[in-house]
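The analysis underlying the following values was restricted to heavy atoms, covering all of them including side chains, and did not include hydrogens, waters or symmetry mates. In what follows, chains carry the letters A, B, and so on, assigned in the order in which the sequence lines appear, proteins first and then strands, with residues in each chain numbered from 1.
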Amino acid sequence: VAAPADPSRDAAPLRREVAAAFAALFAIVAAHALAETARDTLFLRGLPPERLPWAYLAIAGLVLVASPLVERVARHGRAAVLRALLVVGAAGHLGFAALADRADARVPFALYVWCGLLTTELVIQFWVLLATRVDVQRAKRAFARVAAGGVAGAAAGAGAASLLTLALGVRALLVAAAVVLAGAFAATFALGAERAAAPRPAHPRAPLRPVLRDAYAVRVIATVALLAAMAIGVDYLFKVAVAAELPADRLDEFFARYHTAVNATALALQLVATPWLLQRLGVTRALLVLPTFVTLGASAVAVVGGLLPALLLRAIDGALRPSLHGAASEILYLPVPDSQRGAARALAASIGQRGGQAAASVALLVAIHGGAGLAAVAVGTASLAAALVAAAASLRARYVDRFRSGLREWASEAPIEVPALDLDALESLFAALASPDPDEVIVALELLAGYGKERLIPPLILYHPEPRVVTRAIDLCTARAPQGFATLLPWLLDHAGPDVRAAALAALARRGELDAEQERRVLDALVADGAEARPALARAVAALPPERSLFWLELLAKTDDPAVQAALAEELARAPLPAHVPLLLPLLASGSAREPARRALCAVGSPALAAVAEALADPETTRSVRRHLPRTLSRFPCEAAAPLLTAALAVEKDPRVRFKILRGLGRLRADCPTLALDLAPVREVAARSLERAIEMLAFRIAVRVARADTSDDGRLLARLLAEKEERALERVFRALHIVGPEIEYRALFEAIRGSDAHARAAAGEVLEHVAPEPLRTGLLAAVAPGAAEERLAAALAFHSPFGADALVPLAKGEPPADLTECRPLLAALWDEMAGDADPVLAALAARARPASLGGDDVRAG
Amino acid sequence: MSEPADAAAATLERAVALGRFSGLESLDAALRTTLAARTELRRHRAGAPLGGDPSRREIHLVVEGRLRERTRHGTSRDVGAGGIVGDLSALASPAEAAPATALADSVTLAIGLEDVIDLCEEHFALLVAVMRSVARAALAAEAERPPPRARRQAAAPARERGPEALDLAGRIALLAANPTLANVAVHTLGQLAQEARVVELARGGVLWEEGDASDRIVAVARGELVDRSRAGPRTLRAGDLAGLLEALAGVPRPGRADAATPVVALSLDASLLVDAMEDDVETAVDVLAALGGRLAGARR
């Protein structure tokens with residue numbers, strides 16, 4: 001369903017872009033790691049750690065000024081701006097390398113601020129550029145791999161810093177950083193073209209306003225602010241502890257080795273755990289991991305104190321922030337429209353990150369001047385981390401809603417559009433009544449009746465030369481007759497057209513104005529008119545009181561003539577009675593009579609409801625009637641029909657009728673969203689249907705592995721299995737929609753089976769967050785893009801169909817040329833298929849069984 | 001037809017005008033106005049092309065005047081009031097959408113094909129009405145022209161099957177071999193096949209007479225069946241379907257069908273096909289597209 005026909009589609013360009021992005025980020029972060037070691041060493045050698053908050057504050061202030069400017073320019077060409085920043089960065093590093101040996105305290109301070117400012121702008125522009133190229137589902141995998149580039153760059157940069165520091169000293173680190181930035185510059189040229197962006201806003205001077213009005217974006221910015229403030233606390237605790245415990249001449253070596261160790265850990269985490277954790281936890285749950293650990297770590301610093309807890313705390317932050325948290329944070333921006341994403345990031349970087357840093361810096365300065373100790377700072381840091389946990393948790397619903405609202409728009413219904421009836425419209429309809437075309441006159445009559453304006457229909461319409469017009473006018477006006485209408489009806493009993501005579505008789509009978517002589521005369525004439533007048537006879541009889549008509553009606557109901565059945569049902573629907581229910585139920589089997597028969601049953605009310613439910617439960621009811629009973633039940637009032645349908649769902653054996661019950665319940669749910677339902681049978685259907693979808697997937701793979709899909713019969717079987725998989729999934733989504741209509745599972749399913757890659761990706765994202773346990777794993781696997789065997793392997797945690805464990809390794813790669821080893825497995829799977837409860841699957845499986853598998857080879861016969 | 005300035009009145013006038021088009025008469029008032037609201041009144045001067053947005057595939061319901069439609073196969077046909085230019089043959093292939101020119105001053109109701117499909121997917125009653133309209137047009141087109149002399153060469157002839165080969169799988173394979181049902185879901189074909197019955201006719205045996213109710217569709221499995229509903233008799237062989245158009249058009253049998261040789265066939269309840277389409281709108285749209293292709297073929 002969800003898997004594209006060719007899973008390798010788009011894979012090659014994506015791989016190229018990921019490789020280029022990996023290389024660019026690797027170089028940017030490696031350069032930062034080199035410069036960072038020089039920066040920290042020079043700062044703590046030349047200045048006391050209490051000056052750090054001032055540096056943080058300066059970075060925050062400068063980024064606040066620089067980011068909007070960079071963003072404004074970047075909208076005209078993001079790649080060009082990133083390249084320009086890389087050139088300026090390399091030049092800046094070389095400049096500081098020249099000044100590194102000066103005994104001027106302003107140099108280490110300026111270097112500290114410069115490194116912070118440059119890396120911030122580079123990283124922002126890099127991720128925004130990347131986000132213009134991939135959708136959310138691809139992003140989830142691609143971003144994790146690209147983020148690994150950053151972590152690998154940090155590890156490599158820190159490792160190189162260790163070697164360079166020992167061999168050449170701190171100044172060489174800055175020169176090396178400049179060289180590595182030049183490498184990043186080269187890598188950006190392999191990033192490819194940007195996706196077509198959404199149209200620019202009408203007021204380019206105020207692109208930030210829509211973002212600030214967007215509750216979701218504001219929350220994302222708030223989490224960024226909390227994260228930045230938390231990171232300041234962590235960094236300060238770490239550096240104060242290091243400055244206090246280590247001599248100044250060992251700082252360069254310590255920082256180089258510590259950063260190498262932390263970044264290597266981050267790299268290992270990134271490579272091994274981040275993609276897996278992102279897929280397993282989802283974006284918003286993954287965002288909880290870092291702040292939870294920081295809460296615990298900062299609490300340990302507050303309680304225990306000393307170097308070791310501070311080192312551990314910084315290690316947690318250093319390992320998780322660029323890897324798992326970084327990748328998850330980037331995905332948070334994807335629900336923001338393309339046109340606002342850059343502005344949102346700019347605001348997150350300025351108000352969020354720099355605002356958070358500034359606030360934390362000011363708070364630190366106040367705390368330091370107020371004499372607060374490290375324990376107090378640690379408590380504050382732990383509190384910020386806890387607040388971040390709460391903020392990230394609160395993002396979940398909005399993150400999902402954002403995707404969902406887009407899907408709702410994508411899968412919008414085509415609603416009924418009936419204009420209001422004003423004077424001009426009424427004049428149009430009256431003009432149409434005088435049309436020479438009888439079809440137009442009939443439509444005008446129906447439209448007037450549709451608006452409840454039957455009383456405005458001129459009685460003279462009964463003199464119309466076309467019998468169809470007269471019949472329709474009588475039908476529409478019987479209940480709410482215009483003045484003078486009734487006086488013309490007796491005259492029509494002798495009309496040349498049998499339909500007109502029957503309609504007039506029915507109208508008079510309903511009005512209680514029909515005498516016995518008129519009744520006998522008209523019925524005799526209709527009988528004499530023969531088979532062609534049988535529908536007219538049916539409707540005339542159906543209008544008579546039950547005591548005079550039931551005998552006739554029972555006779556007529558047995559006819560196979562669709563016209564008679566339709567006439568009968570139409571007439572019974574005009575004045576339905578409980579006595580008509582046994583006649584109406586068999587009429588449900590007739591396509592022409594079904595709709596009016598349903599209307600009649602609904603109009604009868606409770607006795608009909610009970611009869612329909614009884615017929616559904618009765619195994620003796622014919623299949624042609626049974627399959628139409630669920631939808632008939634769903635036409636009754638929700639509260640009465642719902643328990644009957646859910647009860648039927650629990651016991652129904654016929655899958656086709658079960659599907660119709662689900663549809664019926666879906667209709668009730670749509671009509672009455674707050675309806676209380678017994679959801680246990682519905683959930684059961686969802687679970688069983690998902691299992692069925694996975695079984696069909698396994699069978700489909702078996703057909704491919706056995707190379708049976710090369711014959712006509714095998715192709716038919718493969719088609720059937722794919723359809724059955726899709727229908728089983730449709731049942732899952734229908735059932736889930738009944739359980740939780742607010743989730744909009746209908747729109748999710750439409751998007752997942754549709755061809756719009758963005759909608760499909762967004763639907764997958766929503767599903768990841770809303771799919772209920774224990775279905776979640778199976779459902780995500782069933783709808784995931786990718787190869788069938790990969791989906792089956794992922795689905796096994798939910799349901800492991802017969803032979804699937806052994807089938808998955810066989811299915812990876814090309815099907816084996818020699819089936820000797822897997823013949824027993826494939827033969828057993830074929831036996832399963834051929835023994836399936838669905839006779840269609842069983843028959844096609846038996847017919848398509850490859851001769852090499854032995855057993856029943858129907859084709860041989 | 002003059003379109004009033006008032007939007008509601010204009011919509012209702014267009015809804016009334018839709019009553020002229022065969023197949024749409026069964027629509028209730030709400031659906032009719034819904035369809036009308038999606039149409040646009042267009043006036044065309046004699047000799048002028050229909051115009052409109054070339055990127056939007058449209059059909060034109062002719063309210064007044066006369067238009068000439070050309071197909072890419074070089075043929076043309078004139079369409080008067082009550083006819084449809086473009087029909088839904090464009091459903092089968094966008095390339096079938098043909099340029100048209102007004103022969104006289106004309107008025108049409110234009111509607112985008114995508115709008116029609118959207119509405120059909122949401123409102124099954126409209127889909128049935130559209131299908132009925134296309135089936136009737138195809139019936140009329142086929143009735144006017146004699147059948148092709150030679151059997152189509154492009155498709156491989158279907159394998160003949162005797163009653164013994166018409167087990168469930170054989171029935172499904174027989175139905176799947178027909179171009180109109182080729183894209184219908186296999187499980188739907190399976191449901192139809194399960195409830196189908198095998199019919200055997202001796203040479204000269206009558207399958208149905210003109211005027212009989214069109215409640216069944218027959219798939220020929222072996223032998224030759226002669227359909228006499230056209231200008232000339234048409235011989236149906238293994239894999240061909242008889243009676244589909246009139247069953248979907250909701251009209252009685254337009255002609256007799258009898259056996260030229262001993263015939264084995266599968267008889268399907270037409271209402272089951274409609275019922276299956278209600279459960280699976282994609283099947284319905286596939287059948288509609290196949291009908292559109294048949295209509296286009298009949299007009300070539």
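The parts of A:Leu716 that come within reach of chain B are both its backbone and its side chain, each placing non-hydrogen atoms under 4.5 angstrom from that chain. Heavy-atom distances place no part of B:Val274 under 4.5 Å from chain A, backbone and side chain included. Within the 4.5 angstrom heavy-atom criterion, atoms from both the backbone and the side chain of B:Ala185 approach chain A. Contacts between A:Pro562 and chain B at a heavy-atom distance below 4.5 Å involve the side chain alone, from C-beta outward. Proximity to chain A is limited to the side chain of B:Ala213, based on heavy atoms less than 4.5 angstrom apart.
Of all the listed residues (A:Glu427, A:Glu595, A:His628), the one sharing the greatest number of non-hydrogen pairs under 4.5 Å with chain B is A:His628. In terms of heavy-atom pairs under 4.5 angstrom with chain B, the leader among A:Arg594, A:Lys660, A:Arg623 is A:Lys660. Contacts with chain B were tallied for A:Asp712, A:Leu717, A:Asp439, A:Leu423; A:Asp439 has the most, counting heavy-atom pairs under 4.5 Å. Taking A:Glu446, A:Glu730, A:Arg627 one by one and counting their heavy-atom pairs under 4.5 Å with chain B, the maximum is reached by A:Arg627. The most heavy-atom pairs under 4.5 Å with chain B, out of A:Leu426, A:Leu841, A:Leu447, come from A:Leu447.
For A:Arg667, the salt bridge (charged side-chain N to carboxylate O under 4.0 Å, His left out) partners are A:Asp671, not counting sequence neighbours. For A:Glu440, the side-chain hydrogen bond (donor to acceptor under 3.5 Å, both in side chains) partners two or more places apart in sequence, or in a different chain, are A:Ser435, B:Arg20.
At least one donor-acceptor pair under 3.5 Å links the side chain of A:Glu723 to the backbone N or O of B:Val186.
The two residues B:Leu12 and A:Ala425 come nearest to each other via the heavy atoms CD1-CB, 3.5 Å. B:Asn183 approaches A:Arg719 most closely through the heavy-atom pair C-NH2, 4.1 Å. Listed here is the closest heavy atom pair of B:Val16 and A:Ala432: CG1-CB, 3.5 Å. Nearest heavy-atom pair, A:Leu844 versus B:Ala169, reported as atom, atom and distance to 0.1 Å: CD2-CB, 4.0 Å.
Using a 4.5 Å cut-off on side-chain heavy atoms (C-beta onward), B:Asp167 and A:Arg847 make contact.
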